[in-house]
Each structure stands twice: as C-alpha cells, then as structure tokens.
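Let me begin by presenting the structure, written as structure tokens, before commenting on it.
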Amino acid sequence: MPRLTESERSELLPALDGWAMVEGRDAITKRFVFDGFNAAFGWMTRVALVAEAMNHHPEWSNTYNRVEVTLSTHDAKGLTRRDIELAQRMDQMAAGLV
Ligand code: HBI
C-alpha cells in the first residue's frame, strides 16, 4: 500500500472533519469528545469491529469521555488511503454522538 502522494493529500486531508497532521510524523490525529464514558467506550467498541474487519487499526487512548486517535499505516511508515478510510468511518460512527 503506497503512501499518499502530495496531490492525494491536498485533496483528501482537507475533506476530513477536524483531523490534523501529527507534528514530526506522517500521521493524522483527532480528539473525539462524547457525552460520557459509556458513549466513548461504546463508540470504541464499534470502531474496533470495523478496524478489525478492515485489518487497519488505530492508535488511540481513552480518558473518561475523550478518545485521542492517531492514524498511520505502520507497514507503509506513513499515511495511506486506509487511514483516510478509517478516519471517515470513525467520523460517520461518531456523528450525532459528539
Ligand atoms: N494497522 N494502522 C495499521 N497499520 C498497519 O500497517 C497494519 C494495521 N493493522 C494490521 C496490519 N497492518 C497487518 O495487516 C500487517 O501488520 C500484517
């Protein structure tokens, strides 16, 4: 899986909702804030099933109602289309909950 080209990045990254580049790393990050712990962890549980089905897994941490997410493709050592797809899926699954 090749890393995203410059033109793909300029097209795809601005279209994501609230994701930012990680300083000094070819990765994207976003903080999701939910109504409470159950909402946050329930979302993580549902995303985990999607990530496993995609065979593409987030780096994430949960504190009460917040989930910090970082996405990158470890095998490619940078951003690929799999990261874009997982980011979009995460946003879809958080819609109405955040
Ligand atoms: N998840 N984010 C991420 N990046 C990977 O490279 C990756 C993964 N999940 C599974 C996976 N790679 C495996 O397919 C390979 O490590 C074999």
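Nothing fancy with the numbering, it's 1 onward along the sequence. Atoms within each ligand, like the ligands themselves, are counted from 1 in listed order.
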Residue and atom name of the nearest protein heavy atom (relative to [atom]), distance in Å to one decimal:
atom	value
atom 5 (C) of ligand 1	His74 N, 3.5 Å
atom 9 (N) of ligand 1	His57 ND1, 2.8 Å
atom 13 (C) of ligand 1	Asn55 ND2, 3.7 Å

Salt bridge flag under 4.0 Å for residues [X] and [Y]:
X	Y	value
Glu8	Arg81	yes
Arg25	Glu59	yes
Glu85	Arg89	yes

Given Lys30 and Asp91, is the side chain to side chain contact (heavy atoms under 4.5 Å, CB included) satisfied, shown in steps?
CA-CA 10 Å; Lys30 179 173 179 176; Asp91 288 343; 2.8 Å; yes

Kindly confirm or rule out an N or O of Ser72 lying under 3.5 angstrom from an N or O of ligand 1.
yes

Contact between Thr70 and Trp60 at the side-chain level, heavy atoms closer than 4.5 Å - yes or no?
no

Among Leu86, Asp75, Thr73, which one puts a heavy atom closest to atom 15 (C) of ligand 1?
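Heavy atom nearest to atom 15 (C) of ligand 1 belongs to Asp75.
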
